[in-house]
Each structure stands twice: as structure tokens, then as C-alpha cells.
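The next block holds one structure in the form of C-alpha cells; read it before the comments.
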Amino acid sequence: MTSTNSSLSNMRRLVAQLKLEASVERIKVSQAASELQQYCLQNAGKDALLVGVPGGSNPFREPRSCAVL
Amino acid sequence: MRGVTSARQQHQLAEAGEPWWRQRESERKRPNTRTSSTIPSPLCASSLKMACQALQSGESLATLKNESDSLKKKLEEERAKLHDVELNQVAEKVELVSALSIRTRRVLKGHGNKVLCMDWCKDKRRLVSSSQDGKVIVWDGYTLNKEHAVTMPCTWVMACAYAPSGCAVACGGLDNKCSVYPLSLDKNENLAAKKKSVAMHTNYLSGCSFTNSDMQLLTSSGDGTCALWDVESGQLLQSFHGHTADVLSLNLAPSETGNTFVSGGCDKKANVWDMRSGQNVQSFETHDSDINCVKYYPTGDAFASASDDGTCRLYDLRADREVAVYQKDSIIFGASSVDFSLSGRLLFAGYNDYTINVWDVLKGNRISVLFGHENRVSCVKVSPDGTSFASASWDTSLRIWA
């Protein structure tokens, strides 16, 4: 009996969760995709890993000082 | 400890490269299922009454199962209705990414064993990393100096995070806890003395992250839950139940998007949660195996996942579905970690075949493969200003790429 009751309450929880997920408001993929694309293109210029930065201003690309023996 | 694994078995599994404490999907006993089915309880008046009441209310396991099946079907149909185009079709006219000149710029050596996790400080130069041998090290990425080192009382420190202020780090692993260490300016001070235990789970800690301040900590665990903690008091503020297996990763939404976070786990699901209510608001299950890492797209409208099935996927939250799969037939090893570049155009993914693949998020193709690590890549993270990214590996080193 105990196992049936706990399965029942698990199922009730699952059904409630699914109802919640089913009620989510959705937009079309075409709209979502074009907004993702728009963000990428608008910010491409600032993306150092994508376009690189003007020489010298990326601290990791600067050569570290070497000791000459 | 989960299961009974002998010391010899642990050693064998560790040699094979597998974390012995992480049960595979096939071996898993589902948490929450009591094994009461082995001993039937006697039929007593109260349980009979409850059973009758359940039948009277028209609810039975069978009707609930039917309802849940039809809801799942409805969910799929609703999602499919809006699937009018693929992301890469929308991005057809976008120019291809030109060849990237990314290579290793720094190699951070100092850990004695597998590096499992790392995190950047907001100052874009410091990093914290944690390893299998219990060591947590804070590095200056520019000079390679080790600024702090702490030895945890446990091995397999799977999670570490830098506090937003830069004044503390949080870490944990097989100790089932997440502890916060304030970083002292005095290099001689013993960090371990000031340690504060914040989170307590009933299984290993897989991920941790500070929220917008040093005051709250979000954790994920092998016990199948995530939790939000108050750092000062150690109080549990909210717990998040819904995963049916170990949770392996979590990521907070960018602050502008509000109070949500995403988690991924061994149940192949990625769940989005409302931090205030504890509610699971969206759930995605399209991977074929454990999800090792989840990471939000810069706007917070989408997130990427990395899985043992060898693929990375992009899920859009507003379309409520998977919108891209980053995969190749030649990639047969699991992906352990992902992160986006600043603009969201590039997706860096670390794999168990020792490589890092760079994907074009919009077009779906692989732009390049980065070689250098000599063992599994466990973690990749782009720096806060997007000028570089760091990778951690089982080869005991970290690399900074730019």
C-alpha cells in the first residue's frame, strides 16, 4: 500500500509538473533564431576571440618578458 | 556513500579513467523509490480506506499515467507547431567565421593530479582551480604566480567558484559539502583556518556558483538536488527537486534575465528553475546520455549543454525547444564542458578525447579543433571580458587560450 501511495503522489506531481510545462508561452523558432542571430552580429565587433583585438591590447597575447642570459 | 565499491574496484575504475563514485545511468537506483516492494505491508483499515478514497476520486495510477502520457504528447505537439525553421537555415546568409588565430598563451602547472574545475575572477586575470588530490589553487593568469593554495580534507574537488568580490572562493566535492574560503592578502596566513562550511548535501558536490553577491551560494549535487544557501548562516534558503539522478552542472542566468538557473544531470535532462519559488519551469530531454555541463547564452534566452553522447546542443527558452545540435560522426567521446564567446557566436567545447572544438553557434559547423592537452578536458570557461578562455584537464594543467 505504501508503495502504491508514494507512486500515486509521484504521478500526481508529474502530472502537475507537465501541466505547468505545457502552459508555457512559446514563440516560433524563426523569431527566436533571428533574435539570437541579431545579438551575435551586433556584438561580433567586441568579441576578441572571434575577431581578435588590435595588436598589443590583449594582455594574454602580449609576450611576457624573457630573461636573456 | 553511494553503493558499496571495494577499494580495489575504486582503483580499477580510477585507472580506467572513470570516476567510480558516479553511477552510470544503467546501474542507477532511482532516488526516492523506497524498496518497500520487498516487504508487503499488511492490509489495515486505514490503508484500505485511503485506497478506496483514491479510487472514489477517480484517480488511479492508470488514469494518472494516461493523463501524463497525453500531456507529454501535447507538449511535443505544441513545441512542434512552432518549429517552422532550423537555426542554421535562418543563419544561411550570415558570413562564415574566418579562421581563428586562437592558441595556447599560458600553461599553468602546479597541480599534482587531474584538474576538475576552474573559475575566473571578475578581474579577468585571476583564476581558481581544483583537483582530484584535494588542492585548490588561485593563480594570476598573467604572471602564472600561484597566489593561494589550500588543501581540502577530501579528494575529487569537483567544483570551485570565485566570489563576485574576488575576496573568497567556494569549493567542494566528495566531502558532500561546499565550503567558502576568504582569500587573505597576507600570503602567510593559513586559509584553511578561516574556512566556512556552507552547503551540506547527502552526496558529492558537482557544481557551485555564487549568485550576484558573496552572500548566496547555489550548489548542485550527486544526491539529485540543487540548493540555494545563505553563506553567512549556512542556512538552506531553497531546494530544487526534480532531477531523477545526479545533477552534474548548474549555471545562473545572466543577471539581466532575472532569477533563474539551469541544471543538467545523469537523467539526461536539462531543467530551468525559478530561484525564488523552487519551481522547475522548463525541462528539456533530448540528449542520449548524461549532461555534463550547461551554460547560458549571453542574453539568457538560450543555453548550451555538453553530454556524454558526444554532442553539444542549444536550447532556446522562448521557443521552448532544442534548436541546434553540434555533432560530427568523428566525435565519439563525451563532451565535458561548454562556454560561449562574448557575442555568443562561438561555442567552445572540451571533450574526453583531449581536444577542444570551436563551433559556429548559428551555422552549426565546427570551425576548428584546438589541440594541446594530454588528457581529458574537464572544464572550459571564457574570461569575463571575453578576451581569452581557460581550460582545465586531467593532464594536471590548465591552459589559457587567446
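Atoms considered below: every heavy atom in the structure, side chains included; atoms not considered: hydrogens, waters and symmetry mates. The chains referred to below are lettered A, B, ... by the order of the sequence lines, with proteins before strands, and numbering in each begins at 1.
Neither side chain, A:N58 nor B:T387, offers a donor N or O lying under 3.5 Å from an acceptor on the other. Side-chain contact of B:S263 with B:H243: a donor-acceptor pair under 3.5 Å is present, judged by distance alone.
Counting heavy-atom pairs closer than 4.5 Å to chain A, the top-ranked of the candidates B:K65, B:R321, B:E67 is B:E67. The candidate from A:A48, A:C40, A:A44 with the greatest count of non-hydrogen atom pairs under 4.5 Å with chain B is A:C40. Of all the listed residues (B:I102, B:V323, B:N280, B:V97), the one sharing the greatest number of non-hydrogen pairs under 4.5 Å with chain A is B:N280. Comparing B:L314, B:L87, B:V90, B:L100 by heavy-atom pairs within less than 4.5 Å of chain A, the highest count is held by B:V90. Across B:A302, B:S383, B:G141, the residue that shares the most heavy-atom pairs under 4.5 angstrom with chain A is B:G141. Among the candidates B:D84, B:D320, B:I400, the residue making the largest number of heavy-atom pairs closer than 4.5 Å to chain A is B:D84. Highest contact tally toward chain B, considering only A:I27, A:L50, A:V15, A:V51, is held by A:I27 [criterion: heavy-atom pairs under 4.5 Å]. Between chain B and the residues A:L41, A:N43, A:L18, A:L14, the largest count of heavy-atom pairs under 4.5 Å involves A:L18.
With hydrogens and angles ignored, the 3.5 Å screen pairs no side-chain donor or acceptor of A:R26 with any backbone N or O of B:L82.
At a 4.5 Å heavy-atom cutoff, the contact between B:F348 and chain A is made by side-chain atoms alone. For chain B, the nearby part of A:Q17 is the side chain; its heavy atoms alone come within less than 4.5 Å. Only the backbone of A:E25 comes within less than 4.5 Å of a heavy atom of chain B; no side-chain atom from C-beta onward does. For B:V382, the part lying near chain A is the side chain, with the backbone staying farther off; criterion is any non-hydrogen pair under 4.5 Å. The part of B:Q279 that comes within reach of chain A is its side chain, from C-beta onward, which places non-hydrogen atoms under 4.5 angstrom from that chain.
Looking at every heavy atom in both residues, B:A390 comes nearest to B:L127 through CB-CD2, 3.7 Å. Shown here for B:W120 and B:P384, the closest heavy-atom pair between the two residues is CB-CD, 3.7 Å.
In this structure the side chain of B:R318 reaches within 4.5 angstrom of the side chain of A:E35, judged on heavy atoms. Side chains of A:E21 and B:S283 form a contact here, defined as non-hydrogen atoms less than 4.5 Å apart.
Note on ring orientation: taking the six-membered ring where Trp is involved, the planes of A:F60 and B:Y142 are perpendicular (angle over 60°, cut-offs 30° and 60°).
Residue-environment remark: CD (B:E77) exceeds the threshold of 12 foreign heavy atoms within 6.0 Å.
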